[in-house]
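This one's a predicted model, so the numbers in the text were calculated from it and none came from an experiment.
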Amino acid sequence: MIIPSVLVLPFPAQGHVNPMMNFSQNLVERGCKVYFVNTDFNHKHVVSSMVEQKESLDESLLKLVSIPDGLRPEDDRTDFAKLFDSILSTMPSMLQKKIEEVHLNGDDRISCIVADVNMGWALNVGNKLGIKGALFWPASAAMFAMQCNLPTLIDNGIIDSYGSPITKKTFRISPTMPVMDTKSLFWTSITDLINLKKTFNFFIESAQTTNLTEWWLCNTTYELEPGVLSFVPKLLPVGPLLRSYDNKSVNARSIGQFWEEDLSCMDWLDQQPHHSVLYVAFGSFTLLDQNQFKELALGLDLTNRPFLWVVRQDSNCTNPNEFLGSKGKIVSWAPQQKVLSHPALACFVSHCGWNSTMEGLSNGVPFLCWPYFADQFYNKKYICDELKVGLGFDSDENGLVSRWEIKTKVDQLLSDENIRSMSLKLKVNVMSNLGEGSMSSENFSKFVKWLKD
(Lines give C-alpha, C1' and ligand atoms only; values in the text may rest on other atoms or scores of the structure.)
Protein backbone atom coordinates (compact mmCIF):
# COMPACT_ATOMS: atom_id res chain seq x y z
CA MET A 1 0.00 0.00 0.00
CA ILE A 2 1.36 3.41 -1.01
CA ILE A 3 1.62 5.91 1.87
CA PRO A 4 0.98 9.30 0.25
CA SER A 5 2.90 12.34 1.46
CA VAL A 6 0.54 15.31 1.50
CA LEU A 7 1.62 18.93 1.83
CA VAL A 8 -1.02 21.01 3.68
CA LEU A 9 -0.91 24.79 3.34
CA PRO A 10 -3.27 26.95 5.44
CA PHE A 11 -3.77 30.69 5.05
CA PRO A 12 -1.56 32.23 7.80
CA ALA A 13 -4.16 32.88 10.52
CA GLN A 14 -5.16 30.87 13.59
CA GLY A 15 -8.74 30.39 12.35
CA HIS A 16 -7.39 28.76 9.17
CA VAL A 17 -4.56 26.77 10.78
CA ASN A 18 -6.88 25.07 13.31
CA PRO A 19 -9.27 23.27 10.91
CA MET A 20 -6.44 22.34 8.54
CA MET A 21 -4.48 20.84 11.44
CA ASN A 22 -7.56 18.80 12.40
CA PHE A 23 -7.86 17.77 8.74
CA SER A 24 -4.17 16.79 8.70
CA GLN A 25 -4.46 14.67 11.82
CA ASN A 26 -7.41 12.91 10.21
CA LEU A 27 -5.25 12.20 7.15
CA VAL A 28 -2.53 10.74 9.38
CA GLU A 29 -5.09 8.50 11.12
CA ARG A 30 -6.11 7.22 7.67
CA GLY A 31 -2.59 6.24 6.67
CA CYS A 32 -1.06 9.38 5.11
CA LYS A 33 2.05 11.42 5.90
CA VAL A 34 1.60 15.19 6.18
CA TYR A 35 3.96 18.13 5.78
CA PHE A 36 2.13 21.01 7.48
CA VAL A 37 3.44 24.34 6.18
CA ASN A 38 3.07 27.46 8.29
CA THR A 39 4.76 30.79 7.69
CA ASP A 40 8.02 31.19 9.64
CA PHE A 41 6.29 33.79 11.84
CA ASN A 42 3.39 31.50 12.79
CA HIS A 43 5.56 28.38 12.99
CA LYS A 44 7.54 29.97 15.84
CA HIS A 45 4.31 30.60 17.75
CA VAL A 46 3.07 27.05 17.16
CA VAL A 47 6.32 25.41 18.27
CA SER A 48 6.67 27.62 21.37
CA SER A 49 3.07 26.81 22.43
CA MET A 50 3.62 23.06 22.31
CA VAL A 51 5.52 22.67 25.62
CA GLU A 52 5.95 18.94 26.34
CA GLN A 53 4.53 17.85 22.99
CA LYS A 54 7.82 18.45 21.15
CA GLU A 55 9.00 15.02 22.26
CA SER A 56 5.71 13.19 21.63
CA LEU A 57 4.95 14.57 18.13
CA ASP A 58 5.68 11.82 15.60
CA GLU A 59 7.38 13.80 12.86
CA SER A 60 7.59 10.73 10.65
CA LEU A 61 3.84 11.11 10.12
CA LEU A 62 3.10 14.81 10.79
CA LYS A 63 6.00 17.14 10.10
CA LEU A 64 5.72 20.85 10.95
CA VAL A 65 7.69 22.96 8.48
CA SER A 66 7.69 26.61 7.44
CA ILE A 67 8.45 29.13 4.71
CA PRO A 68 8.80 32.95 4.83
CA ASP A 69 5.78 35.17 4.23
CA GLY A 70 8.01 38.04 3.05
CA LEU A 71 7.16 40.37 5.94
CA ARG A 72 9.43 41.48 8.77
CA PRO A 73 8.74 40.16 12.31
CA GLU A 74 7.48 43.59 13.42
CA ASP A 75 5.08 44.05 10.46
CA ASP A 76 1.33 44.08 11.10
CA ARG A 77 -0.11 40.85 9.73
CA THR A 78 -3.66 42.16 10.14
CA ASP A 79 -2.91 44.69 7.39
CA PHE A 80 -4.48 42.39 4.82
CA ALA A 81 -3.53 44.26 1.66
CA LYS A 82 0.13 44.24 2.71
CA LEU A 83 -0.06 40.59 3.77
CA PHE A 84 -1.73 39.51 0.51
CA ASP A 85 0.87 41.37 -1.57
CA SER A 86 3.66 39.73 0.38
CA ILE A 87 2.11 36.25 0.14
CA LEU A 88 1.78 36.43 -3.64
CA SER A 89 5.23 37.93 -4.25
CA THR A 90 7.18 35.71 -1.83
CA MET A 91 5.50 32.43 -0.99
CA PRO A 92 5.10 30.65 -4.38
CA SER A 93 8.87 30.51 -4.97
CA MET A 94 9.49 29.64 -1.30
CA LEU A 95 6.96 26.80 -1.44
CA GLN A 96 8.58 25.39 -4.58
CA LYS A 97 11.96 25.55 -2.89
CA LYS A 98 10.60 23.75 0.21
CA ILE A 99 9.09 20.95 -1.92
CA GLU A 100 12.33 20.53 -3.86
CA GLU A 101 14.19 20.36 -0.52
CA VAL A 102 11.92 17.53 0.66
CA HIS A 103 12.49 15.68 -2.62
CA LEU A 104 16.25 16.20 -2.51
CA ASN A 105 16.44 14.78 1.01
CA GLY A 106 15.07 11.58 -0.49
CA ASP A 107 12.77 10.62 2.38
CA ASP A 108 9.46 11.39 0.68
CA ARG A 109 8.01 12.71 -2.52
CA ILE A 110 5.06 15.07 -2.09
CA SER A 111 2.17 13.46 -3.98
CA CYS A 112 -0.54 16.06 -3.30
CA ILE A 113 -0.90 19.67 -2.13
CA VAL A 114 -4.01 20.51 -0.09
CA ALA A 115 -4.24 24.28 -0.02
CA ASP A 116 -6.59 26.68 1.70
CA VAL A 117 -8.74 28.23 -1.07
CA ASN A 118 -7.11 31.60 -0.29
CA MET A 119 -3.72 29.98 -0.89
CA GLY A 120 -4.95 28.34 -4.11
CA TRP A 121 -1.94 29.69 -6.04
CA ALA A 122 -0.09 26.71 -4.47
CA LEU A 123 -1.82 24.39 -6.95
CA ASN A 124 -0.02 26.23 -9.78
CA VAL A 125 3.26 25.46 -7.98
CA GLY A 126 2.15 21.84 -7.77
CA ASN A 127 1.25 21.71 -11.47
CA LYS A 128 4.73 22.94 -12.34
CA LEU A 129 6.24 20.10 -10.28
CA GLY A 130 3.79 17.43 -11.45
CA ILE A 131 1.98 17.26 -8.09
CA LYS A 132 -1.80 16.93 -7.93
CA GLY A 133 -3.87 19.23 -5.74
CA ALA A 134 -7.02 19.79 -3.71
CA LEU A 135 -8.60 22.83 -2.08
CA PHE A 136 -9.85 23.17 1.47
CA TRP A 137 -12.35 25.78 2.65
CA PRO A 138 -12.14 26.48 6.42
CA ALA A 139 -15.32 28.60 6.76
CA SER A 140 -18.99 27.85 6.11
CA ALA A 141 -20.16 26.52 2.75
CA ALA A 142 -22.23 29.70 2.43
CA MET A 143 -19.07 31.85 2.51
CA PHE A 144 -17.51 29.64 -0.16
CA ALA A 145 -20.57 30.13 -2.37
CA MET A 146 -20.36 33.87 -1.82
CA GLN A 147 -16.66 34.14 -2.64
CA CYS A 148 -17.16 32.11 -5.82
CA ASN A 149 -19.99 34.41 -6.88
CA LEU A 150 -18.37 37.82 -6.40
CA PRO A 151 -18.63 38.70 -10.13
CA THR A 152 -22.38 37.95 -9.94
CA LEU A 153 -22.73 40.29 -6.95
CA ILE A 154 -21.10 43.03 -9.05
CA ASP A 155 -23.40 42.29 -12.00
CA ASN A 156 -26.44 42.38 -9.70
CA GLY A 157 -25.51 45.78 -8.26
CA ILE A 158 -24.85 44.52 -4.72
CA ILE A 159 -21.18 45.61 -4.71
CA ASP A 160 -18.98 47.71 -7.00
CA SER A 161 -15.73 46.61 -8.66
CA TYR A 162 -13.82 47.53 -5.48
CA GLY A 163 -16.03 45.24 -3.39
CA SER A 164 -17.77 48.17 -1.65
CA PRO A 165 -21.49 47.64 -0.95
CA ILE A 166 -23.69 49.69 -3.29
CA THR A 167 -26.80 48.86 -1.32
CA LYS A 168 -27.51 48.08 2.33
CA LYS A 169 -30.21 45.65 1.28
CA THR A 170 -29.91 41.97 1.99
CA PHE A 171 -29.31 39.59 -0.91
CA ARG A 172 -29.54 35.91 -1.83
CA ILE A 173 -26.98 34.05 -3.91
CA SER A 174 -29.42 31.20 -4.53
CA PRO A 175 -33.09 30.55 -3.65
CA THR A 176 -31.91 27.53 -1.63
CA MET A 177 -29.58 29.65 0.53
CA PRO A 178 -30.27 31.94 3.50
CA VAL A 179 -30.44 35.70 3.06
CA MET A 180 -27.09 37.49 3.42
CA ASP A 181 -26.14 41.00 4.42
CA THR A 182 -23.31 43.15 3.05
CA LYS A 183 -21.83 43.00 6.60
CA SER A 184 -20.93 39.39 5.75
CA LEU A 185 -18.36 40.53 3.17
CA PHE A 186 -14.88 39.77 4.48
CA TRP A 187 -13.24 43.03 3.48
CA THR A 188 -15.81 45.70 4.46
CA SER A 189 -13.72 47.03 7.36
CA ILE A 190 -11.05 48.33 4.95
CA THR A 191 -11.54 52.05 4.29
CA ASP A 192 -8.53 52.85 2.07
CA LEU A 193 -9.67 52.37 -1.56
CA ILE A 194 -6.33 51.12 -2.90
CA ASN A 195 -6.04 48.50 -0.14
CA LEU A 196 -9.70 47.61 -0.54
CA LYS A 197 -9.21 46.94 -4.26
CA LYS A 198 -6.09 44.82 -3.62
CA THR A 199 -7.88 42.77 -0.97
CA PHE A 200 -11.01 42.30 -3.07
CA ASN A 201 -8.95 41.22 -6.09
CA PHE A 202 -7.09 38.71 -3.91
CA PHE A 203 -10.40 37.03 -2.99
CA ILE A 204 -11.63 37.01 -6.59
CA GLU A 205 -8.36 35.49 -7.85
CA SER A 206 -8.40 32.92 -5.01
CA ALA A 207 -11.89 31.81 -6.02
CA GLN A 208 -10.71 31.31 -9.60
CA THR A 209 -8.19 28.69 -8.43
CA THR A 210 -11.12 26.31 -7.89
CA ASN A 211 -10.73 25.57 -11.62
CA LEU A 212 -7.39 23.91 -10.87
CA THR A 213 -8.89 20.85 -9.13
CA GLU A 214 -12.04 18.80 -8.82
CA TRP A 215 -11.55 18.39 -5.04
CA TRP A 216 -13.22 21.09 -2.94
CA LEU A 217 -13.42 20.09 0.74
CA CYS A 218 -15.21 21.99 3.52
CA ASN A 219 -15.49 21.77 7.30
CA THR A 220 -19.29 21.53 7.40
CA THR A 221 -22.00 18.88 7.27
CA TYR A 222 -24.94 18.33 4.99
CA GLU A 223 -27.37 18.64 7.92
CA LEU A 224 -26.02 22.11 8.78
CA GLU A 225 -26.05 23.63 5.28
CA PRO A 226 -28.26 21.55 2.97
CA GLY A 227 -29.36 24.49 0.81
CA VAL A 228 -25.84 25.68 0.10
CA LEU A 229 -24.49 22.21 -0.60
CA SER A 230 -27.29 21.53 -3.07
CA PHE A 231 -26.38 24.83 -4.81
CA VAL A 232 -22.63 23.93 -4.89
CA PRO A 233 -22.72 20.11 -5.21
CA LYS A 234 -18.98 19.90 -5.95
CA LEU A 235 -18.19 21.19 -2.46
CA LEU A 236 -17.79 18.10 -0.28
CA PRO A 237 -18.56 18.34 3.44
CA VAL A 238 -15.97 16.54 5.59
CA GLY A 239 -16.92 18.01 8.97
CA PRO A 240 -17.05 18.25 11.83
CA LEU A 241 -13.25 18.32 11.86
CA LEU A 242 -12.61 18.11 15.58
CA ARG A 243 -9.32 18.24 17.42
CA SER A 244 -7.29 15.09 17.89
CA TYR A 245 -4.90 15.31 20.82
CA ASP A 246 -1.38 13.92 20.55
CA ASN A 247 -2.13 11.43 23.33
CA LYS A 248 -5.04 10.49 25.53
CA SER A 249 -3.69 11.98 28.73
CA VAL A 250 -5.66 14.60 30.62
CA ASN A 251 -2.79 17.03 30.04
CA ALA A 252 -2.71 16.57 26.25
CA ARG A 253 -2.66 19.83 24.35
CA SER A 254 -3.78 20.39 20.80
CA ILE A 255 -1.23 21.01 18.04
CA GLY A 256 -1.28 24.13 15.90
CA GLN A 257 -2.17 26.75 18.51
CA PHE A 258 -0.42 30.13 18.41
CA TRP A 259 -0.64 30.39 22.22
CA GLU A 260 -0.09 27.82 24.94
CA GLU A 261 -3.33 26.33 26.27
CA ASP A 262 -3.92 26.83 29.98
CA LEU A 263 -5.13 23.44 31.21
CA SER A 264 -5.75 24.67 34.75
CA CYS A 265 -9.24 25.66 33.60
CA MET A 266 -10.20 21.98 33.29
CA ASP A 267 -9.64 21.34 37.03
CA TRP A 268 -11.64 24.51 37.73
CA LEU A 269 -14.50 23.30 35.52
CA ASP A 270 -14.53 19.97 37.37
CA GLN A 271 -15.49 21.90 40.52
CA GLN A 272 -18.49 23.68 38.96
CA PRO A 273 -22.11 22.41 38.88
CA HIS A 274 -23.40 20.91 35.62
CA HIS A 275 -24.72 23.42 33.06
CA SER A 276 -23.64 26.39 35.18
CA VAL A 277 -20.60 27.97 33.48
CA LEU A 278 -20.58 30.76 30.88
CA TYR A 279 -17.64 30.23 28.52
CA VAL A 280 -16.50 33.54 26.99
CA ALA A 281 -14.01 33.37 24.10
CA PHE A 282 -13.68 35.65 21.08
CA GLY A 283 -11.01 33.83 19.07
CA SER A 284 -7.60 34.96 17.91
CA PHE A 285 -8.51 38.25 16.24
CA THR A 286 -11.23 40.13 18.18
CA LEU A 287 -10.15 43.21 20.14
CA LEU A 288 -12.60 45.01 22.45
CA ASP A 289 -11.95 48.63 23.41
CA GLN A 290 -11.43 49.43 27.09
CA ASN A 291 -15.02 50.62 27.67
CA GLN A 292 -16.56 47.50 26.15
CA PHE A 293 -14.08 45.27 27.93
CA LYS A 294 -14.99 46.81 31.28
CA GLU A 295 -18.72 46.55 30.52
CA LEU A 296 -18.33 42.86 29.66
CA ALA A 297 -16.49 42.25 32.94
CA LEU A 298 -19.23 44.03 34.90
CA GLY A 299 -21.91 42.15 32.95
CA LEU A 300 -20.35 38.77 33.76
CA ASP A 301 -20.19 39.74 37.42
CA LEU A 302 -23.84 40.83 37.30
CA THR A 303 -25.02 37.42 36.03
CA ASN A 304 -23.96 35.91 39.35
CA ARG A 305 -22.87 32.74 37.53
CA PRO A 306 -19.48 31.04 37.24
CA PHE A 307 -17.66 31.97 34.04
CA LEU A 308 -14.50 31.02 32.18
CA TRP A 309 -13.17 33.97 30.17
CA VAL A 310 -10.34 33.82 27.61
CA VAL A 311 -8.46 37.15 27.64
CA ARG A 312 -5.55 37.00 25.21
CA GLN A 313 -2.23 38.55 26.25
CA ASP A 314 -2.44 40.89 23.23
CA SER A 315 -5.88 42.23 24.23
CA ASN A 316 -4.35 45.56 25.43
CA CYS A 317 -6.96 45.85 28.18
CA THR A 318 -6.46 46.24 31.91
CA ASN A 319 -6.72 43.25 34.19
CA PRO A 320 -10.45 42.44 34.36
CA ASN A 321 -10.09 41.11 37.92
CA GLU A 322 -10.46 44.63 39.26
CA PHE A 323 -14.08 44.61 38.02
CA LEU A 324 -14.91 41.04 39.03
CA GLY A 325 -15.88 39.05 42.05
CA SER A 326 -14.61 35.56 42.77
CA LYS A 327 -17.03 33.58 40.58
CA GLY A 328 -14.91 33.31 37.47
CA LYS A 329 -11.62 32.16 36.04
CA ILE A 330 -9.58 34.01 33.43
CA VAL A 331 -7.06 32.31 31.13
CA SER A 332 -5.02 33.65 28.21
CA TRP A 333 -5.88 30.68 25.92
CA ALA A 334 -8.05 27.63 26.49
CA PRO A 335 -8.25 24.06 25.14
CA GLN A 336 -11.56 25.06 23.60
CA GLN A 337 -12.84 21.72 22.41
CA LYS A 338 -12.21 20.17 25.84
CA VAL A 339 -13.94 23.13 27.51
CA LEU A 340 -17.01 22.94 25.26
CA SER A 341 -17.41 19.21 25.88
CA HIS A 342 -17.31 19.65 29.67
CA PRO A 343 -20.61 18.95 31.49
CA ALA A 344 -20.24 22.18 33.52
CA LEU A 345 -20.81 24.33 30.39
CA ALA A 346 -24.09 26.25 30.18
CA CYS A 347 -23.46 28.42 27.13
CA PHE A 348 -20.81 29.83 24.81
CA VAL A 349 -20.41 33.62 24.53
CA SER A 350 -18.70 33.62 21.13
CA HIS A 351 -17.49 35.80 18.26
CA CYS A 352 -19.01 33.13 15.98
CA GLY A 353 -15.93 32.27 13.97
CA TRP A 354 -16.69 29.12 11.96
CA ASN A 355 -14.34 26.88 13.99
CA SER A 356 -15.95 27.99 17.24
CA THR A 357 -19.37 27.58 15.65
CA MET A 358 -18.61 24.00 14.58
CA GLU A 359 -17.11 23.11 17.98
CA GLY A 360 -20.07 24.60 19.87
CA LEU A 361 -22.62 22.85 17.66
CA SER A 362 -20.73 19.54 17.96
CA ASN A 363 -21.04 19.74 21.73
CA GLY A 364 -24.68 20.86 21.92
CA VAL A 365 -23.80 24.15 23.63
CA PRO A 366 -26.21 27.13 23.14
CA PHE A 367 -24.66 30.38 21.86
CA LEU A 368 -24.69 34.00 22.88
CA CYS A 369 -23.42 35.65 19.70
CA TRP A 370 -21.07 38.63 19.64
CA PRO A 371 -19.62 38.85 16.10
CA TYR A 372 -16.66 41.13 15.44
CA PHE A 373 -15.49 40.73 11.85
CA ALA A 374 -16.29 39.40 8.39
CA ASP A 375 -18.24 36.12 8.15
CA GLN A 376 -18.93 36.13 11.90
CA PHE A 377 -21.99 38.36 11.25
CA TYR A 378 -23.44 35.79 8.85
CA ASN A 379 -22.64 32.93 11.24
CA LYS A 380 -24.42 34.77 14.07
CA LYS A 381 -27.53 35.24 11.94
CA TYR A 382 -27.43 31.59 10.91
CA ILE A 383 -27.02 30.36 14.50
CA CYS A 384 -29.89 32.51 15.79
CA ASP A 385 -32.39 32.63 12.89
CA GLU A 386 -31.86 29.39 10.95
CA LEU A 387 -30.49 26.88 13.46
CA LYS A 388 -32.27 28.55 16.42
CA VAL A 389 -29.59 27.60 18.94
CA GLY A 390 -28.54 31.06 20.11
CA LEU A 391 -29.33 34.70 20.82
CA GLY A 392 -27.52 37.89 19.82
CA PHE A 393 -26.68 40.96 21.89
CA ASP A 394 -28.12 44.39 21.11
CA SER A 395 -25.90 47.50 21.27
CA ASP A 396 -27.00 50.83 22.73
CA GLU A 397 -26.93 54.15 20.83
CA ASN A 398 -23.15 54.37 21.41
CA GLY A 399 -22.51 50.89 19.98
CA LEU A 400 -21.88 49.47 23.46
CA VAL A 401 -23.26 46.15 24.69
CA SER A 402 -24.21 47.10 28.24
CA ARG A 403 -23.75 45.01 31.38
CA TRP A 404 -27.55 44.90 31.74
CA GLU A 405 -27.96 43.60 28.18
CA ILE A 406 -25.42 40.88 28.96
CA LYS A 407 -27.28 39.80 32.11
CA THR A 408 -30.67 39.93 30.35
CA LYS A 409 -29.55 37.76 27.41
CA VAL A 410 -27.77 35.24 29.65
CA ASP A 411 -30.93 34.83 31.73
CA GLN A 412 -33.11 34.62 28.62
CA LEU A 413 -30.92 32.00 26.92
CA LEU A 414 -30.53 29.78 29.97
CA SER A 415 -34.25 29.76 30.71
CA ASP A 416 -35.17 28.82 27.11
CA GLU A 417 -35.75 25.06 26.98
CA ASN A 418 -36.37 25.16 23.21
CA ILE A 419 -32.86 26.46 22.53
CA ARG A 420 -31.30 23.84 24.82
CA SER A 421 -33.37 21.10 23.16
CA MET A 422 -32.48 22.28 19.61
CA SER A 423 -28.79 22.44 20.56
CA LEU A 424 -28.78 18.84 21.75
CA LYS A 425 -30.71 17.65 18.69
CA LEU A 426 -28.29 19.42 16.36
CA LYS A 427 -25.34 17.89 18.22
CA VAL A 428 -26.66 14.40 17.41
CA ASN A 429 -27.08 15.30 13.71
CA VAL A 430 -23.65 16.91 13.40
CA MET A 431 -21.78 14.21 15.32
CA SER A 432 -23.45 11.43 13.32
CA ASN A 433 -21.06 12.47 10.50
CA LEU A 434 -18.14 11.00 12.42
CA GLY A 435 -19.64 7.52 12.09
CA GLU A 436 -18.71 5.01 9.40
CA GLY A 437 -21.00 5.30 6.37
CA SER A 438 -22.01 8.91 7.11
CA MET A 439 -21.74 11.49 4.32
CA SER A 440 -18.74 13.38 5.73
CA SER A 441 -16.90 10.18 6.58
CA GLU A 442 -17.56 8.73 3.11
CA ASN A 443 -16.37 11.95 1.44
CA PHE A 444 -13.15 11.84 3.46
CA SER A 445 -12.65 8.17 2.59
CA LYS A 446 -13.11 8.87 -1.15
CA PHE A 447 -10.53 11.62 -0.93
CA VAL A 448 -8.00 9.39 0.84
CA LYS A 449 -8.60 6.63 -1.73
CA TRP A 450 -7.84 9.17 -4.50
CA LEU A 451 -4.64 10.16 -2.65
CA LYS A 452 -3.55 6.52 -2.49
CA ASP A 453 -4.35 5.64 -6.13
Okay, side chain of [X], backbone of [Y]: is any donor-acceptor separation there less than 3.5 Å?
{"X": "R172", "Y": "M177", "value": "yes"}
{"X": "T221", "Y": "G239", "value": "no"}
{"X": "N156", "Y": "I158", "value": "no"}
{"X": "D75", "Y": "L71", "value": "no"}
{"X": "T199", "Y": "N195", "value": "yes"}
{"X": "S230", "Y": "G227", "value": "yes"}
{"X": "D108", "Y": "I110", "value": "no"}
{"X": "R420", "Y": "A346", "value": "yes"}
{"X": "Q96", "Y": "V125", "value": "no"}
{"X": "D289", "Y": "Q292", "value": "yes"}

Can you name the closest pair of heavy atoms from [X] and [Y] and give their distance?
{"X": "I113", "Y": "L123", "result": "O-CD2, 3.7 Å"}
{"X": "F367", "Y": "G360", "result": "CZ-CA, 3.7 Å"}
{"X": "D76", "Y": "T78", "result": "OD1-OG1, 2.6 Å"}
{"X": "A334", "Y": "V331", "result": "CB-CG2, 4.1 Å"}
{"X": "I67", "Y": "M94", "result": "CG2-O, 3.7 Å"}

So how far is it from [X] [atom1] to [Y] [atom2], rounded to the nearest 0.5 Å?
{"X": "T176", "Y": "E225", "atom1": "OG1", "atom2": "CD", "result": "11.0 Å"}
{"X": "K407", "Y": "L302", "atom1": "NZ", "atom2": "CG", "result": "6.0 Å"}
{"X": "T220", "Y": "L236", "atom1": "OG1", "atom2": "CG", "result": "12.0 Å"}
{"X": "L27", "Y": "M20", "atom1": "CG", "atom2": "CE", "result": "9.5 Å"}
{"X": "W370", "Y": "L391", "atom1": "CH2", "atom2": "CG", "result": "14.0 Å"}
{"X": "E205", "Y": "L88", "atom1": "CD", "atom2": "CG", "result": "7.0 Å"}

field: Full working for side-chain contact (heavy atoms from CB on, under 4.5 Å) between L135 and W215
entry: CA-CA 6 Å; L135 290 171; W215 287 99; over 6 Å; no
Would you indicate whether the side-chain heavy atoms of [Y] and [X] approach each other to under 4.5 Å?
{"X": "D69", "Y": "D40", "answer": "no"}
{"X": "N433", "Y": "P240", "answer": "yes"}
{"X": "S140", "Y": "V228", "answer": "no"}
{"X": "Q257", "Y": "H45", "answer": "no"}
{"X": "L241", "Y": "F136", "answer": "yes"}
{"X": "S423", "Y": "I419", "answer": "yes"}
{"X": "S356", "Y": "Q336", "answer": "yes"}
{"X": "L9", "Y": "F36", "answer": "no"}

[X] and [Y]: side-chain donor and acceptor closer than 3.5 Å?
{"X": "S49", "Y": "E261", "value": "no"}
{"X": "N363", "Y": "Q337", "value": "no"}
{"X": "Q147", "Y": "N118", "value": "yes"}
{"X": "E260", "Y": "W333", "value": "no"}
{"X": "R77", "Y": "T39", "value": "no"}
{"X": "S440", "Y": "S438", "value": "no"}
{"X": "Q14", "Y": "N18", "value": "yes"}

field: Crowding at NZ, K449 (>12 non-hydrogen neighbours, <6.0 Å)
entry: no
- prompt: Is E100 atom CD crowded by more than 12 heavy atoms from other residues, nucleotides or ligands, each under 6.0 Å away?
  reply: yes
- prompt: Only one of W137, W354, F231 clears ring pair (Phe, Tyr, Trp, His ring centres under 6.0 Å) with F144; which?
  reply: W137
- request: Could you check whether the rings of Y378 and Y382 sit parallel, tilted or perpendicular, using 30° and 60° as the cut-offs?
  value: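 Parallel.
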message: Using 30° and 60° as the class boundaries, would you call the ring planes of H16 and F11 parallel, tilted or perpendicular?
response: tilted
Can you confirm if the aromatic rings of [Y] and [X] lie within a centre distance of less than 6.0 Å?
{"X": "F444", "Y": "F23", "result": "yes"}
{"X": "F84", "Y": "W121", "result": "no"}
{"X": "W187", "Y": "F203", "result": "yes"}
{"X": "F200", "Y": "Y162", "result": "no"}

- request: Any chance you could lay out the side-chain contact (heavy atoms from CB on, under 4.5 Å) test for L368 and V410, step after step, and finish with the verdict?
  value: CA-CA 8 Å; L368 281 168; V410 166; 3.6 Å; yes
query: W216 and F447: ring pair (Phe, Tyr, Trp, His ring centres under 6.0 Å), yes or no, with the steps?
result: CA-CA 10 Å; W216 307 346; F447 177 64; over 10 Å; no
query: Is it true that the NZ or CZ of K132 lies under 6.0 Å from the centre of W450's six-membered ring and within 45 degrees of the ring axis?
result: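 Cation-pi check for K132 and W450: passes.
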field: Steps toward side-chain contact (heavy atoms from CB on, under 4.5 Å) verdict (S161, K197)
entry: CA-CA 8 Å; S161 60; K197 182 69 171 170; 4.0 Å; yes
query: side-chain contact (heavy atoms from CB on, under 4.5 Å) between L426 and V389: does it pass, once the steps are laid out?
result: CA-CA 9 Å; L426 203 53; V389 292; 4.1 Å; yes
